[in-house]
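Structure first, commentary second.
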Amino acid sequence: MNDGITQHRHTTEVPRGSGTNKEKQRNNNMASTTRSAWKNPSYLQSSFGIFMFFCSWGIWWSFFSRWLTDPAHGLGMTSAEQGQIYSINSLATLVIMFAYGAIQDQLGIKRKLVIFVSAIAALVGPFVQFVYAPMLTAGGTTRFIGVLIGSIVLSAGFMACCSLFEALTERYSRKFGFEYGQSRAWGSFGYAIVALCAGFLFNINPLLNFWVGSICGLGMLCIYAFWVPAEQKEELKKEADPNAAPTNPSFKEMISVLKMPTLWVLIVFMLFPNTFYTVFDQQMFPNYYASLFSTTEIGNATYGTLNSFQVFLESAMMGVVPIIMKKIGVRNSLLLGATVMFLRIGLCGVFHDPVSVSIVKLFHSIEVPLFCLPAFRYFTLHFDTKLSATLYMVGFQIASQIGQVIFSTPMGALHDAMGDRPTFFTISGIVLAALSLSSCESIYEDLAPCSHGVSLRFVYDYNMEYANAFPQKVDCLTLLIYDSGGNYVGMRTVTGPELQDETYRMQLDLEPGRYRFIAYGGMACDERSFAFVQPAPGKGVKLEETTVIMDADLTTSVREKLRLHDLFWGSLTLETADLYNEGTVEMMKNTNNIRIVLQQMNVEPVKDKDF
């Protein structure tokens, strides 16, 4: 016996004839979508993991420069000596970062590498207090050996790992259906929290910052070692299947990224603006800011509070920048980020009072998302997503590290010779020149013209598990496309195995505008139970004229027709954008199969023909 939808029109958000229960069901589904991030275990695990990493790193990294140069609370080094340490650290980070990217691309979603990194982070406190700091204060050859050892440990546990955690989180977001920007914002939130107390701890004893980093690293280790959501376990089983299609790149594919001309264009663009900005922000600005106050203690505490507030704003901007990217595009977002860099460095040379410089410092909250998110978006749009970790590290992070290896020491020496403001003007001029010479258009010079349209994800999570069952339940897909006036634009049909891939997206190249998308699951299969009523969707047929009806044979006694083939339905209204505006089509199941069993109470045989 069948209980199915016999008619389906599109004059409202829900099928006609489905009644108030269907409308309530749809509203509940929309509500569950709003809460879906908090019900997504992979989102929660990834967010808490990256949150703890940035806590473990930020508590000491935000004052690392001050620790090296502060004569009262730190080691009292000169800017040139500090620059040497940053150069060696960057060199170690460069090598380790490339290795991490290659290894993680091979591991896919496995966590062996991040567990190893978490163990190093958990040991940063005892390492600095009993090994690193004593060797740096010893001087001579011992100091140089200490710098080398510290560069390996700190890079392996922190500096080379930022892009690793970001790349892994971005991969999880594509695999398990959540927004990367939302999850990455938790990292900024963690950095902001620890930055709030970092200055106060530094004034008490700088080594406390490293020990708190160890505690946070221990929490990170527990998250990645023991918190494995069920959907990730299932995906790991699929990847372990010897007959499964390979999802990880080969070594040859990873090496091949170095042969991509467009990647080198991006590296050149990243190398100069981002490198000089990083040298300014990490090595020069903390000491300059502290010098604006009557005592360094007040400067340290104020800097920690300001840094925390800035990172809170950065966390909020992680949610705003994707909207900006959709409006102005990836290359314009990168260009805007570089412009913010120029303004912040230059204005720090113009102003020399704490209030004005504090306001300028907040520009950093805009710059970080404007470089980080567009870079990831560029790689996932234009290159094989299997190589996302390697590409991000080579094209973005490693390019920056190369620049720091080259320029940290000479910029430190320049700062010792010229002072704060002349050095700031010099660096801002270099950034402006690099920005002018590295036209953002050149980033795309070897690519086809910028694509315009939408990228659609299909989700069926209105079920008892509140998990996306679309890959398991929907074996064929029909998408109808209508313009804002309800006029038919086109149809797309997918019947291949790609529907079983959790990361499947349907990319549509469309003219600029607002469109209505109507999706059906189960309509294009050979065993379908529903069909379009004539006139079928096509040129000249309006949206409100489109009707779906159940196959008449299903009301007969033809045995092979007694079970409905599942029908799924969903709709979405979305505007197009350069490099594809992303949207999610929430699907509902519109069919049920009811089985009736008759049993004779007196144990006598039951004849179905009697009923």
Side-chain angles (χ1 to χ4, degrees), residues 42 45-58 60-61 89-124 151-176 180-181 183-188 190-191 213 216-217 219-225 227-228 232 247-249 251 254 257 270 274 278 318 368 371-373 375-376 379-380 383 385-402 404:
S42 291
Q45 183 274 322
S46 298
S47 299
F48 277 107
I50 202 169
F51 172 85
M52 293 306 298
F53 168 73
F54 276 93
C55 285
S56 179
W57 186 25
W60 64 267
W61 179 248
N89 285 350
S90 296
L91 183 61
T93 299
L94 176 67
V95 176
I96 295 172
M97 186 182 294
F98 187 83
Y100 278 0
I103 293 170
Q104 190 59 52
D105 275 334
Q106 285 293 307
L107 292 175
I109 64 170
K110 297 184 183 72
R111 304 182 185 176
K112 295 178 181 178
L113 183 57
V114 295
I115 290 174
F116 169 75
V117 166
S118 301
I120 297 177
L123 296 173
V124 66
S151 68
I152 295 172
V153 174
L154 297 181
S155 296
F158 298 97
M159 279 96 78
C161 306
C162 179
S163 53
L164 170 66
F165 282 93
E166 289 175 339
L168 183 63
T169 302
E170 193 274 338
R171 180 167 291 175
Y172 279 164
S173 73
R174 286 185 282 111
K175 189 72 92 173
F176 303 111
Y180 164 70
S183 187
R184 173 59 179 80
W186 281 97
S188 299
Y191 197 104
C216 296
M220 175 173 61
L221 178 62
C222 293
I223 289 173
Y224 282 106
W227 187 357
V228 185
Q232 293 186 24
T247 57
N248 302 330
F251 181 75
M254 288 187 287
V257 304
M270 293 292 183
N274 197 44
T278 302
M318 285 288 180
V368 171
F371 250 61
C372 175
L373 297 184
F376 249 129
F379 293 131
T380 56
F383 298 101
T385 54
K386 293 188 298 184
L387 295 166
S388 59
T390 301
L391 287 165
Y392 179 67
M393 292 182 187
V394 172
F396 184 68
Q397 296 289 353
I398 290 181
S400 299
Q401 294 300 326
I402 291 174
Q404 290 181 60

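We count residues from 1, following the sequence as given. The structure presented is a predicted model; accordingly, all values stated were derived computationally and were not measured.
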Please report the shortest heavy-atom distance between [X] and [Y], naming the atom on each side.
X: Ile152; Y: Ile96; value: O-CD1, 3.8 Å
X: Leu168; Y: Ile109; value: CD1-CA, 4.4 Å
X: Ile115; Y: Ala225; value: CD1-CA, 3.8 Å
X: Gln45; Y: Tyr172; value: OE1-CE1, 3.9 Å
X: Trp57; Y: Cys162; value: CZ3-CB, 3.6 Å
X: Met52; Y: Cys216; value: CE-O, 3.4 Å

Do [X] side-chain atoms and [Y] backbone N/O form a donor-acceptor pair below 3.5 Å?
X: Ser118; Y: Val114; answer: yes
X: Ser155; Y: Asn89; answer: yes
X: Arg171; Y: Gly108; answer: yes
X: Tyr100; Y: Ala156; answer: yes

* Hey, what's the ring geometry for Phe165 with Phe53, parallel, tilted or perpendicular (30° and 60° as the breaks)? ->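 Answer is parallel, since the angle falls under 30°.
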Next item on the list: Quick one: sort the Phe51 and Trp186 rings into parallel, tilted or perpendicular, breaks at 30° and 60°.
Entry: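 Geometry flag for Trp186 against Phe51: perpendicular rings.
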Check against side chain to side chain contact (heavy atoms under 4.5 Å, CB included), Ile223 and Met220:
CA-CA 5 Å; Ile223 289 173; Met220 175 173 61; 5.7 Å; no
Nearest 0.5 angstrom please: [X] [atom1] to [Y] [atom2], how far?
X: Lys112; Y: Ile103; atom1: NZ; atom2: CD1; answer: 11.5 Å
X: Leu107; Y: Leu113; atom1: CG; atom2: CG; answer: 6.5 Å
X: Glu170; Y: Arg184; atom1: CD; atom2: CZ; answer: 12.5 Å
X: Leu221; Y: Ile120; atom1: CG; atom2: CD1; answer: 11.0 Å

| query | Would Ser56 and Phe158 count as a side chain to side chain contact (heavy atoms under 4.5 Å, CB included) if you check the C-alpha gap in whole Å, the side-chain angles of each, and the deciding distance to 0.1 Å? | reply | CA-CA 9 Å; Ser56 179; Phe158 298 97; 3.4 Å; yes
query: Does the pair Val124 and Leu154 meet the rule for a side chain to side chain contact (heavy atoms under 4.5 Å, CB included), with working shown?
result: CA-CA 8 Å; Val124 66; Leu154 297 181; 4.0 Å; yes
Which residue, Ser42, Ser173, Ser47, Ser46, forms the side-chain hydrogen bond (donor to acceptor under 3.5 Å, both in side chains) with Ser183?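 Answer to the side-chain hydrogen bond (donor to acceptor under 3.5 Å, both in side chains) test with Ser183 among Ser42, Ser173, Ser47, Ser46: Ser47.
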Margin query: Between Arg111 and Gln232, do the side chains contain a donor N or O and an acceptor N or O under 3.5 Å apart?
Written below: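 Gln232 vs Arg111: donor-acceptor pair found between side chains.
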